[in-house]
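To keep things clear, I will list the structure first and then write my remarks on it.
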There are 2 protein chains.
Amino acid sequence: MEPRKRPGRTPAPAGRTSRPRQAEVARLAGVSQATVSLVLSPKPDGKGPVISEETRRRVLEAARSLGYVPDPAARRLAAARNNLLGVFSFTATFPTDVQHSYYPFLVGVEREAAALGYDLVLFTGSSTGGAGAAGPDALSRVRLADGCLFIGRHTPRPELKRLVEDGFPVVHLGRREELEGVAWVGADYVEATRDVVVRLAELGHRRIVLVREDDDAPASTDRQRGFLEGLEEAGLPSGPTTVFRSADPQRELTPERLRAWADEGVTAFVAEETDTGAAWRGLLSAVRAAGLDCPEDVSLALLGSPPADLASEPVPTGFDIPRPQLGAAAVRLLAALVAGEEASEPLVGCVFRPGPTTGPPRARP
Amino acid sequence: MEPRKRPGRTPAPAGRTSRPRQAEVARLAGVSQATVSLVLSPKPDGKGPVISEETRRRVLEAARSLGYVPDPAARRLAAARNNLLGVFSFTATFPTDVQHSYYPFLVGVEREAAALGYDLVLFTGSSTGGAGAAGPDALSRVRLADGCLFIGRHTPRPELKRLVEDGFPVVHLGRREELEGVAWVGADYVEATRDVVVRLAELGHRRIVLVREDDDAPASTDRQRGFLEGLEEAGLPSGPTTVFRSADPQRELTPERLRAWADEGVTAFVAEETDTGAAWRGLLSAVRAAGLDCPEDVSLALLGSPPADLASEPVPTGFDIPRPQLGAAAVRLLAALVAGEEASEPLVGCVFRPGPTTGPPRARP
DNA sequence: TTGTATGCGTTATCAA
DNA sequence: TTGATAACGCATACAA
């Protein structure tokens, strides 16, 4: 019977230069295509069929002579794995202003992803229209990866939740406990802040004031918690005035107020790190305006890293957020989720940073 | 007759939640998978079968409710586009040392990619082993994307050439004329340097010295060419001594030599920008050591941007490499290649940067 | 206008 | 140890 012509795609694009396929390697080596695949992508040691040395040699030789390179698309399709991890930030991943960028995180993310054999897909977030402007399903694009890392403060909860419910591996960089079910990796601000407070107490400080913005982000409340825990551990009282809230430190954190505190016996201040560094900035300028010397009159500590534009000034006492390690930890967690494991290593420790802005309190008359 | 079990792969992993496929969308919408494909990836206006508005609506609704996203690998395999542009750098894209990063380029790359509707795949390149350590197929992974942008100095030529020969769209960021057939986008150092020289001449300088490292990278030789062209355009002589070569400016660029030049009538120096900023650094320290004032005694210009660690010093006269624009131009070119167009816009202009380090030469007795 | 039937290049399974 | 063969998810030629 005549094999009648059947519908379907045209056999060959014909026009373009096409690279050698496993089939051609197989023909040249005198084996089947499947054998070529077995030789060229062996299972992790031991598993799978064993290929005779002679066959292996012939296949490798044929592949080399033909300049065979595997097609990543086909490979990933067949393996049901893209080896792609998404990175989604709600601002541009690469803002023009380097200061606000996630660069330090990305350092770790890239390194760890490479180590684990993943490539990265950068999803251009809500930023500049384009690829996936806004819209409810903007987040849907990330599904093209095997899993996705989310960075940034303002996370659209419903969409994220939807992804998680669908079993899509998601990790949030920065604490997100409140989003139930969303895996996250964050810095241990509680422990780091407590450490700073305890060290101040050990220096002899009895009254310490926390300067923070009026924000209920975990990054902020965690520091407050650590602050209180530190006071308690050091056996210090925690009167209500020890927590200073302000959305506009510049205005509320006046020299007068500072001086009043000093008169009340306050000898140390700790300020949280924020995007803008407003709390720390406000504290610094108020101290200067009040004519107080640091660390002679007051000790100052920054709960985080100083803003980039203060790089020329001496680095204050405080702690460093290990951003690259955080990024790396997030990738590890994400990779575990992708692999179906249930790993969980949320908190990454910060490291205490000694500095010239703290010292023993001045002996009071 | 019993349909006997035939060899092949197990139909479905069954256990894990898997991303929705066109088949599921089709089922939900009550149409065939092919119809879903037609609706979801329509041919450029007019071509192809026309789908009824009603069907289209149902399909889109189903796709949205399932959170459907096309599988990039499958798309590529089926000889179509997946709206992914690759970025491959031969060093880590995000090095720990921010100074050497491609960040400024990426700013433009991301913005333009988003504007054009592409997402970016960061191929974790030669960095730390991992994904594709070395090997010929390390570069091959980029074929997952529709095209790829290459950044960095040390380009493995054979692999790159191979990609180009296979018709894979490739653009190199940074001049790569010598790699025949490789499209590239670069900054116009020749023009920018000439501009600086001419402006110096207009200020009244008659003898100008170029400080550059002994490097034959286009970035370096282009500046030299621009330097010579500038001299010629200004009608100035170009004796051999006007070009200073040194791999170690710190040692060769001595205060004595500088003073000698000054005595010979040299009133201006231009230094190339390099990775390390060695030329500029060497020039600066030699000038200071020689006790020369800038710009009173000598005018200094930097052919590029100052190193990050000199950020606190006044920004010298020179020109700025519009890195974001370069990145954007590269993406535009790449997108054009992907679309099958033959666009070509290799050179991006630099912008002159006035500064306090240049002025009219001191009137000589 | 929509459904059917391939084919893309691999990997994975089972039979030989 | 190797070879058929199916399936991965999508796009497309052709039939209905």
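Quick note on labels: first sequence line is chain A, next is B, and so on, each numbered from 1.
- Tested against A:L149 for a side chain to side chain contact (heavy atoms under 4.5 Å, CB included), the candidates A:L85, A:V185, A:V109 yield a single pass: A:V109.
- One finds the OH atom of A:Y102 at 13.5 Å from the CG atom of A:L326 (value rounded to the nearest 0.5 Å).
- Proximity note for B:S37 (side chain, C-beta onward) versus D:dG9, D:dT12, C:dT11: the nearest is D:dT12.
- Taking the side chain of A:R21 as heavy atoms from C-beta on, and the options C:dT10, D:dC10, C:dT2, the nearest nucleotide is C:dT10.
- Remark: B:E342 CD is loosely packed, at most 12 non-hydrogen atoms of other residues, nucleotides or ligands lying under 6.0 Å away.
- Applying the side chain to side chain contact (heavy atoms under 4.5 Å, CB included) test between A:V31 and each of A:L38, A:I51, A:V36 identifies A:V36 as the sole match.
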_Working for salt bridge (charged side-chain N to carboxylate O under 4.0 Å, His left out), residues A:E61 and A:R58_ = CA-CA 5 Å; A:E61 170 57 24; A:R58 288 222 315 279; over 6 Å; no
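- Contact annotation: B:T55 reaches the phosphate of C:dT2 (side-chain N/O to OP1 or OP2, under 4.0 Å).
- Nearest nucleotide to the side chain of B:A78, out of C:dT10, D:dC8, C:dC8: C:dC8.
- Rounded to an integer number of Å, the gap from CG of A:N82 to C1' of D:dG9 is 11 Å.
- The side chain of B:Q22 sits closest to D:dC10 out of C:dT10, D:dA4, D:dC10.
- The side chain of A:A34 approaches D:dT5 more closely than any other nucleotide in the set C:dT11, D:dA11, D:dT5.
- The shortest distance between the side-chain N/O atoms of A:R75 and the OP1/OP2 oxygens of C:dG9 is not below 4.0 Å.
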*Should A:R75 and A:D71 be marked as a salt bridge (charged side-chain N to carboxylate O under 4.0 Å, His left out) after you check the CA-CA gap, both sets of side-chain angles, and the distance that decides it?*
CA-CA 6 Å; A:R75 172 171 281 198; A:D71 181 327; over 6 Å; no
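- Between D:dC8, C:dT11, D:dG3, one nucleotide has an atom nearer to the side chain of A:T35 than all others, and that is D:dG3.
- At a threshold of 4.0 angstrom between heavy atoms, the contacts of B:V36 with the nucleic acid are absent.
- Here the P atom of nucleotide D:dC10 and the CG atom of A:L144 are 11 Å apart, to the nearest Å.
- Summarising the geometry, the separation between CG on A:L38 and P on C:dA15 is reported as 17 Å, rounded to the nearest angstrom.
- Spacing between atom CG of A:D71 and atom P of C:dT11 amounts to 10 Å, rounded to whole angstrom units.
- Listed candidates were C:dT11, C:dT1, C:dG9. Nearest to the side chain of B:S52 is C:dT1.
- Closest to the side chain of B:L77, from the set C:dG9, C:dT11, D:dC10, is C:dG9.
- The residue among B:Q33 and A:S41 whose nearest nucleotide of DNA chain C lies closer to the 5′ end is B:Q33.
- The distance between atom CD of B:E53 and atom C1' of C:dT2, rounded to the nearest whole Å, is 15 Å.
- Atom CZ of A:R27 and atom P of D:dA4 are 14 Å apart (whole Å).
- The listed nucleotides are C:dT1, D:dG3, C:dT10; the one nearest the side chain of B:V50 is C:dT1.
- Distance B:E24 CD to D:dC10 P: 9 Å, rounded to the nearest Å.
- Here D:dC8 presents its P atom at 20 Å from CG of A:L84, a figure rounded to the nearest Å.
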